[in-house]
Every structure is written in structure tokens, then in C-alpha cells.
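Right, one structure below, let's go through it.
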Amino acid sequence: MPLPYSEKVMEHFRNPRNVGRIEDADAKSVEGSPACGDMVAVYLKVDPESLRIDDIKFESYGCASNIATGSIITELAKGKTLEEAKNITWKQASEELGGLPPIKTHCSVLAVDGLRGAIENYEERHGLVKERVPTTVEVVRKRLKRVMNPMVGLDLVRTKVVKDIELSDGTVRVVIGLPADHQFAANIREEIMEKIEPLWDVEKVIVEFAE
Ligand code: FES
């Protein structure tokens with residue numbers, strides 16, 4: 001049975017706006033969904049004076065709902081300030097699209113998380129984080145939940161490959177229970193660095209592989 005997608009969802013799915021990557025992006029975020037293993041990446045170009053989103057693009061490895069939501073939220077976010085764009089919700093995205101099947105809620109949440117993650121990434125990289133909460137092991141673990149284990153399409157924490165997280169004097173050490181020569185080791189290391197390095201009080205990230 002075909003899913004009851006609205007006309008607007010189908011239109012955005014067939015002709016998604018703002019698809020692609022921005023090579024010299026000021027910020028980016030890659031979010032994965034534990035529910036289905038799909039991913040979405042959001043890239044931003046931001047005017048440093050007005051903090052307006054000059055350009056925004058997304059890449060989706062998700063379903064029609066995810067692509068349509070990525071399309072609509074990037075349209076909504078373009079030209080807005082970061083503060084304004086933070087207020088874009090999945091409910092708003094879903095309403096703009098004329099509704100999404102309830103089973104597909106996580107797909108639009110994923111796209112909105114991508115936008116929020118990219119804004120957060122900009123703020124962290126540009127010293128704009130207002131609430132400077134000290135990084136804890138829990139903060140690091142939460143971020144690692146947003147890194148996929150490419151072998152199974154679920155995050156690193158759920159798949160129990162994170163063996164240890166240590167924090168001392170601005171250095172974060174993450175131990176991954178895979179061999180150092182694993183085919184995805186370099187990829188996993190890179191994703192961990194991307195998620196942890198921008199934290200305001202983190203100076204160094206060490207990723208070790210130990211099985
Ligand atoms: Fe994975 Fe929709 S089913 S993004």
C-alpha cells in the first residue's frame with residue numbers, strides 16, 4: 001500500500017530545494033536516525049555581522065519524508081538569523097508540507113535536528129555559545145550517540161562500541177572497541193573528532209581503537 005503522502009511532500013521530494021554540499025561551509029552537521037539508520041547533512045554559510053543564513057544546503061540519505069523536510073526547512077531557514085532559524089520546529093515543517101504520516105515523524109525530526117546541529121556547530125566554532133556548560137562524560141556520550149556505526153546503521157553508543165570516555169584538562173579520550181585497522185576506523189575517528197572538537201572547553205580529542 002502506498003504511503004499517504006501529500007501533494008506538497010511529493011513535490012518537494014521530486015524537486016528538493018537546496019540539495020548539495022557547501023565546500024567552504026562555515027558550519028555543518030551530520031545527524032543519523034537510530035530509528036532507521038538514515039543520515040542527513042546540513043551545511044551553512046553565515047554572515048558574521050548580521051548572523052543571517054546566507055546559504056544552506058543539505059544532503060539526505062533518507063526517505064521521501066526526510067528529503068521533503070530537508071527541502072522545506074532549508075527554504076524556511078534561508079535568510080533568517082540563527083536565532084530565528086532555531087525556532088523552526090518539525091511541527092512547522094510538517095504543517096508546511098501538509099502533514100506527514102505519523103510513522104514518518106522521526107524522518108522530519110531528523111532533518112530539523114540537522115538544522116539545529118549545524119546552528120550549534122556555528123555557535124561553537126565562533127565562540128557564540130551563551131550557556132557555557134562544562135563538558136562532562138555524559139555530554140561526550142550524548143554527542144557520540146549522533147555518530148553512526150556504519151556497519152549496522154545505529155549509533156556508536158547503542159551498538160556498544162564505545163568502551164571508555166575520559167576527560168582531563170581539556171583532553172577527551174575516547175576508546176572504541178574495534179581494531180585500529182578496521183575498514184571504518186578512519187571514518188569513525190573523523191566523525192568523532194567533528195562532534196567533540198567544537199565543544200568550547202575541549203582542546204584535544206584522542207580516539208583510540210582497542211579490541
Ligand atoms: Fe529513514 Fe525516513 S525512514 S529517514
Side-chain angles (χ1 to χ4, degrees), residues 1-22 25 27-44 53 55-78 80 85-122 141-162 176 178 183-184 187-188 190-192 194-196 198:
M1 202 178 74
L3 285 163
Y5 283 132
S6 71
E7 270 303 306
K8 194 143 180 214
V9 172
M10 288 314 291
E11 202 274 312
H12 275 269
F13 168 55
R14 291 200 186 98
N15 308 294
R17 328 305 193 250
N18 309 310
V19 168
R21 92 178 29 219
I22 300 177
K28 84 169 222 199
S29 167
V30 182
E31 303 291 331
S33 163
C36 67
D38 287 327
M39 301 192 88
V40 65
V42 175
Y43 304 84
L44 296 181
I53 299 175
D55 199 9
I56 177 164
K57 289 211 184 318
F58 80 102
E59 291 172 311
S60 165
Y61 306 93
C63 65
S65 288
N66 185 263
I67 292 170
T69 312
S71 173
I72 204 91
I73 57 158
T74 50
E75 270 207 324
L76 289 170
K78 209 181 222 174
K80 285 203 167 63
K86 271 186 205 170
N87 296 326
I88 298 171
T89 60
W90 71 264
K91 189 163 174 282
Q92 193 183 351
S94 165
E95 277 165 13
E96 290 278 339
L97 287 168
L100 285 165
I103 194 172
K104 293 284 168 182
T105 305
H106 77 270
C107 315
S108 48
V109 170
L110 178 61
V112 177
D113 280 351
L115 172 64
R116 296 224 171 117
I119 295 173
E120 191 180 280
N121 182 249
Y122 184 90
R141 192 184 308 278
K142 222 168 136 199
R143 296 237 159 171
L144 294 178
K145 281 191 188 157
R146 284 152 62 187
V147 178
M148 282 283 164
N149 176 347
M151 284 170 296
V152 257
L154 288 172
D155 70 84
L156 294 183
V157 176
R158 264 178 184 241
T159 53
K160 299 192 169 40
V161 294
V162 177
I176 299 295
L178 290 173
Q183 58 164 328
F184 291 121
N187 178 279
I188 291 174
E190 197 184 313
E191 296 240 352
I192 294 176
E194 268 185 23
K195 289 280 193 261
I196 310 297

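First listed ligand is number 1; within each ligand, the first listed atom is number 1.
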Between atom [atom1] of [X] and atom [atom2] of [Y], what is the distance when rounded to the nearest 0.5 Å?
X    : Y   : atom1 : atom2 : result
Y122 : L44 : OH    : CG    : 9.0 Å
L110 : M39 : CG    : CE    : 8.5 Å
Y43  : R21 : OH    : CZ    : 3.5 Å

Tell me which donor-acceptor pairs under 3.5 Å the side chains of residues 65-73 have, and how far apart each pair is, sequence neighbours excluded?
residue : atom : partner : partner atom : Å
S65     : OG   : Y5      : OH           : 3.3
N66     : OD1  : S60     : OG           : 2.6
N66     : ND2  : C107    : O            : 2.9
T69     : OG1  : S65     : O            : 2.6
S71     : OG   : H12     : ND1          : 2.6
S71     : OG   : R17     : N            : 3.0

> Counting no waters, what protein N/O/S atoms lie under 2.8 Å from atom 2 (Fe) of ligand 1?
Replying inline: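 Protein N, O or S atoms closer than 2.8 Å to atom 2 (Fe) of ligand 1: C63 SG, C107 SG.
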
>> Taking E191's backbone N and O only, do any of them form a donor-acceptor pair with K195's side chain (distance below 3.5 Å, no angle check)?
In response: no

> Do the side chain of N121 and the main chain of K28 share a donor and acceptor less than 3.5 angstrom apart?
Replying inline: yes

